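Read through the structure below, which is laid out as structure tokens, and then see the notes.
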Amino acid sequence: MLLLPARVRRIVIEPALVGQASNRLAYLLMIHVRELTKTYTDLERGPFVALAGVTFDAHPGEIYGLLGPNGAGKTTLLRILSTVLRPSGGMATLNGFDVVKQPAMVRRQIGFVSTNTAVYDRMTATEMVVYFGRLHGLDDETLKTRLDIIFDQLQMDEIRNVLGAKMSTGMKQKVSIARALVHDPPILVFDEATVGLDVLVARALLNIIADLRDQGKCVILSTHIMREAERLCDRLAIVHRGHLLAEGTQEAMLREHGEQDLEELFFSLITNHETQTRLDAVAG
Amino acid sequence: MGSTNWSNVRLILARELRDQLRDRRTLFMIAVLPLLLYPLMGMLFMQMAQFMQNHASKVLVVGNEDLNTAEAFVEQGAPLVEYLNQVDLIDVDFEARPETADEGISATAHRRMVDGPYDSVVYFPDDFVMAVFGYADKPRDTARSSAELENDPEARQPRPEIFFNAAKDQSRIAYERVAAALTRWRTNLIQSSLEKYEVPKQASSPFEIAAMDVAEPKFRRAALWSKVLPFVVLVWALTGAFYPAVDLCAGEKERGTLETLLCSPVHRSDIVWGKLLTVMVFSVMTAVLNLLCMVFTASFILSRFDALAAATGTTSLGPPPITSLGWLLVALIPLSALFSALALSLAAMARSSKEGQYYLMPLLMVTMPLMILPMLPSSELNFGTSIIPVSGVVLLLRQLMEGEIRQALIYVLPVALVTGGCCLFAFRWAVDQFNNESVLFRESERFDLIQFFKHILRERSETPGVGMAVLCGLLILLVRFFAGMVVPMPDSWHSFALVTTITLVAFVAVPAAVMSVAFTTSPRRALLLNGTPLTALGAAVLLAACLHPFAIWMSTIITEIYPVNTEALAPLQGLLAGAPLYQLLFVLALLPAVCEELAFRGFILSGLRHLGTKWRAILISSLFFGLTHGMLQQSVMAGLFGMVIGYLAIQTGSLFPCIAFHAVHNGLMISLTQIGEGWTTRWPWLQPLFASSESSSLSGTELPTYAWPVIMAGCLFAAILLRWFRSFPYLPSDEERLHDALEHQPLQPVSQP
């Protein structure tokens with residue numbers, strides 16, 4: 001059975017609404033991914049499968065983690081969800097909009113923060129956030145209000161007029177988050193958001209992400225840092241070589257695989273998958 | 001592309017402009033460099049001009065010792081040394097003739113110029129004086145002509161020889177100065193001789209020529225500037241577009257900000273519009289600032305030469321007229337748009353700024369000949385040249401700058417249509433680059449030829465890719481081009497038939513067939529060798545017949561725009577004249593239909609459909625098809641009809657209707673050429689179909705033209721047939737489906753699975 005956060009479970013399981021449960025569920029499945037695949041063609045390696053039939057759902061008011069080593073396919077998956085890349089197969093919808101057929105509408109639903117999404121060197125923090133706010137269609141009054149809220153929330157008042165070239169890594173990351181939040185999207189995607197940040201800034205960022213979840217946003221967080229996943233994610237998926245090896249809450253996965261902690265579970269799944277891959281290669 | 005959100009375009013434009021203007025290097029290159037560069041160049045020019053003015057030619061005169069002392073020269077007051085001294089910038093040394101000659105005079109002169117300081121050596125033979133003044137006593141040889149006397153070294157008069165080295169500019173200048181002095185000296189001797197023998201001067205110069213220039217000075221200046229300024233301004237517009245384009249695309253990829261922008265809800269076409277307008281602004285600014293600085297500096301320098309121009313009666317260059325500058329600025333807008341779109345498309349393909357700068361050279365190589373062509377003396381603005389991209393605009397601009405407004409306005413429409421079409425094509429190409437994730441996120445790869453071929457063979461699909469299709473087209477063009485240079489002109493119909501057959505089979509059909517086998521998994525699908533209903537075949541034949549009168553009319557128009565060189569065509573027409581009709585139809589109708597359709601509508605069109613829009617695939621395949629034909633007139637016709645045949649290929653999904661159309665089209669054209677003279681007597685029932693006999697004789701051809709009702713009826717039936725073909729179940733490629741989906745994105749959520 002699909003495990004939903006408590007506040008959502010209450011609504012769905014009420015008997016009077018059983019008949020309408022499927023529609024409610026469809027609405028509440030904010031991110032809906034089915035058999036998503038992505039294949040690249042590499043000159044030396046030939047066809048390279050970056051994603052192999054990944055399937056999962058994510059809901060509002062939860063942090064869904066993607067945990068995997070480097071090269072697992074996490075960034076590819078998130079780029080597909082943010083419509084920067086197109087899938088080779090399968091489907092994905094965000095808030096009901098298809099990533100292939102309605103990419104512009106999908107981009108209105110999400111705020112995407114990645115190590116690949118940089119800030120402009122010759123723009124100040126305010127200019128950059130205002131720019132993206134206007135691209136999202138916000139009027140001046142709404143923009144001003146959002147700016148004040150976000151800058152206060154992220155403690156960015158001191159860097160309002162600092163140029164991107166003069167910002168530290170932590171400041172740049174805050175500006176990226178502010179840029180992603182300005183249009184108040186229901187879905188937020190963080191791809192390795194704490195990479196390169198010092199401990200203090202990383203902790204502050206994780207607290208911000210938790211706050212966003214508490215505001216009812218659907219958050220997808222990709223990381224290769226175990227502690228982040230353990231601390232923050234309501235549900236997570238372990239990804240390796242484009243395959244989704246396990247998915248669910250931490251407790252459920254540990255119970256299912258008979259492991260004591262997430263790190264042991266992670267290594268166990270990865271090792272088994274590696275072994276299986278080699279066996280398949282020999283057999284094939 | 002969907003509807004463009006102009007508020008987003010304005011936002012992106014404003015941001016990009018602000019960003020570029022905050023870059024000190026950009027500001028320096030656009031604004032400061034022109035302000036410094038041209039005055040510095042002007043100063044350098046002035047220094048060099050001064051140096052060149054003060055540099056005198058060093059000349060050695062050998063054997064003049066008797067010229068200055070000979071009584072005859074003294075009597076006539078015409079010593080050579082005085083004439084030489086009158087010439088500015090000549091420094092003359094005199095030397096006696098050597099008594100013994102160890103080497104020839106030519107070798108001596110060469111040695112004195114190479115080893116010594118002399119730019120030129122003048123040698124007077126020892127019997128020169130006698131030759132100049134002894135002609136009155138010498139008996140005339142009336143038995144031989146002047147030419148025979150001239151060619152006989154014994155009979156030829158001794159003459160001064162001016163030795164110079166044409167490979168060196170200094171030596172050539174010295175020769176010109178000495179020759180000018182000797183010419184004036186000779187003229188004076190002639191006048192003196194005439195006076196001595198009491199012959200009127202008119203005997204040697206019966207009339208003088210007076211050159212009367214009716215052009216006003218401002219138009220003379222405009223004519224001179226119109227040959228220089230457009231070229232310079234266009235070069236600046238191109239380079240001014242390229243570097244910002246590289247920074248806006250490849251630079252953003254490097255800095256990581258492109259992905260940030262791609263995550264926003266802006267359509268890719270809006271992003272391209274915003275960046276395009278930014279690049280255009282910088283292109284125009286660069287060109288205008290450089291133009292103004294150059295004109296100002298040049299006017300200042302040239303004003304120093306005004307006095308010299310007035311004294312010598314030559315045209316004072318002066319600054320260009322304001323109207324000329326105005327027309328230049330007007331023409332700059334569409335050309336900047338075109339260059340900006342091309343630069344943006346190329347820059348989008350680059351992974352880094354460094355790679356992007358490498359793409360400038362191919363762009364220059366393509367556009368530079370189009371910019372230089374209008375500067376040739378024989379280039380003039382007519383309908384044919386007005387439809388050449390870039391060149392047409394420059395020729396139009398020249399005519400406007402020279403004040404020929406009325407004549408220029410006739411060609412504004414074709415120039416605007418062609419330039420607009422090229423801009424649109426370049427813009428769509430740029431949008432495609434921004435929609436292509438393999439371009440946006442291309443990784444660095446180490447190139448290995450073996451791996452590359454392995455990759456191509458491994459990644460084969462049923463139809464070729466775009467790259468393979470373009471490669472096939474280029475291969476066919478290149479092979480036919482070089483074959484045409486190597487293969488001699490056939491001298492009989494049989495050799496012509498053999499050469500044509502080999503060319504079509506070996507250089508057109510075989511490359512396409514081989515590539516379809518090697519690089520696709522289904523040659524049948526790649527070459528569109530699918531079945532088709534007989535009705536489609538019949539309709540294709542009928543379509544060709546209906547369009548035949550229109551084709552004749554079009555060929556007439558094209559021949560009038562681009563006249564055929566009848567002298568060059570005469571041998572070919574002679575070869576075809578005596579050939580049997582069935583052989584002509586096989587070699588010039590059926591065989592080309594099969595071979596060319598296999599290549600252009602088979603392999604090439606199948607591959608080009610992966611571009612995402614069927615009309616672009618049809619256009620490009622038609623372009624290749626047209627270029628394959630050797631003559632310009634044929635190329636234009638082939639390109640136009642290639643579009644119709646391409647449409648048939650896509651709608652029917654089969655090559656056979658295309659072959660039928662092509663064969664019937666060619667067959668009818670050939671049959672018409674074989675009608676011959678007196679056809680109205682032999683087949684009087686055909687006469688109503690054709691226009692009157694007076695109008696049937698065309699420049700260089702004997703093709704009769706159809707009457708207007710026949711042409712119109714043919715076009716009407718053709719339109720009906722094309723409408724019928726439209727009802728065929730058109731199967732879009734995957735890329736065409738995706739393109740269509742992106743163009744028409746629904747605003748409502750899709751239903752959940």
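These numbers were taken from a predicted model, which means no experiment stands behind them.
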* Approximate separation, where rounding is to 0.5 Å, of B:Cys263 SG and A:Phe132 CZ -> 8.0 Å
* **Engaged part of A:Val100 at the chain B interface, taking heavy atoms whose separation is under 4.5 Å** => both
* Per-residue contact mode, A:Leu163 against chain B (heavy atom under 4.5 angstrom) -> side chain
* Below 4.5 Å from any heavy atom of chain B, which atoms of A:Gln109 appear? Answer side chain, backbone, both or neither. => neither
* Against chain B, work out which of A:His183, A:Arg179, A:Met123 has the most heavy-atom pairs shorter than 4.5 Å and name it. => A:Met123
* Give a yes/no verdict on a cation-pi contact between B:Arg15 and A:Tyr120, requiring under 6.0 Å between NZ or CZ and the six-membered ring centre and an angle within 45° of the axis. => yes
* To do: Would you mind checking which part of A:Arg86 comes under 4.5 Å of any heavy atom in chain B, side chain (CB onward), backbone (N, CA, C, O), both or neither?
  => both
* Is the count of non-hydrogen atoms from other residues, nucleotides or ligands lying under 6.0 Å from B:Arg525 atom CZ greater than 12? -> no
* Can you run down the salt bridge (Lys or Arg N to Asp or Glu O under 4.0 Å) pairs that involve residues 273-283 of chain B, sequence neighbours left out, and say none if there aren't any? => B:Glu16-B:Lys275, B:Glu252-B:Lys275
* Asked: Where is the tightest heavy-atom contact between B:Pro265 and A:Arg108, given as atom of each residue plus distance?
  -> CB-CG, 3.7 Å
* Go through the atoms of B:Asp23 and report whether side chain, backbone, both or neither lie under 4.5 Å from a heavy atom of chain A. => both
* Asked: Are the side chain of A:Arg122 and the backbone of B:Arg22 linked by a donor-acceptor contact shorter than 3.5 Å?
  -> no
* Residue, of A:Thr115, A:Leu135, A:Thr83, A:Leu85, that accumulates the most heavy atom pairs under 4.5 Å with chain B -> A:Leu135
* What is the minimum heavy-atom distance between A:Arg107 and B:Ser264, and which atoms define it? -> NE-O, 2.6 Å
* Asked: Taking side chain as C-beta onward, heavy atoms only, is A:Phe112 less than 4.5 Å from B:Thr260?
  -> no
* Asked: Going by the salt bridge (Lys or Arg N to Asp or Glu O under 4.0 Å) test, which pairs reach into residues 258-272 of chain B, not counting sequence neighbours?
  -> A:Arg79-B:Glu259
* Asked: Looking at B:Val266, B:Leu258, B:Leu262, B:Asp19, which one has more heavy-atom pairs under 4.5 Å with chain A than the rest?
  -> B:Asp19
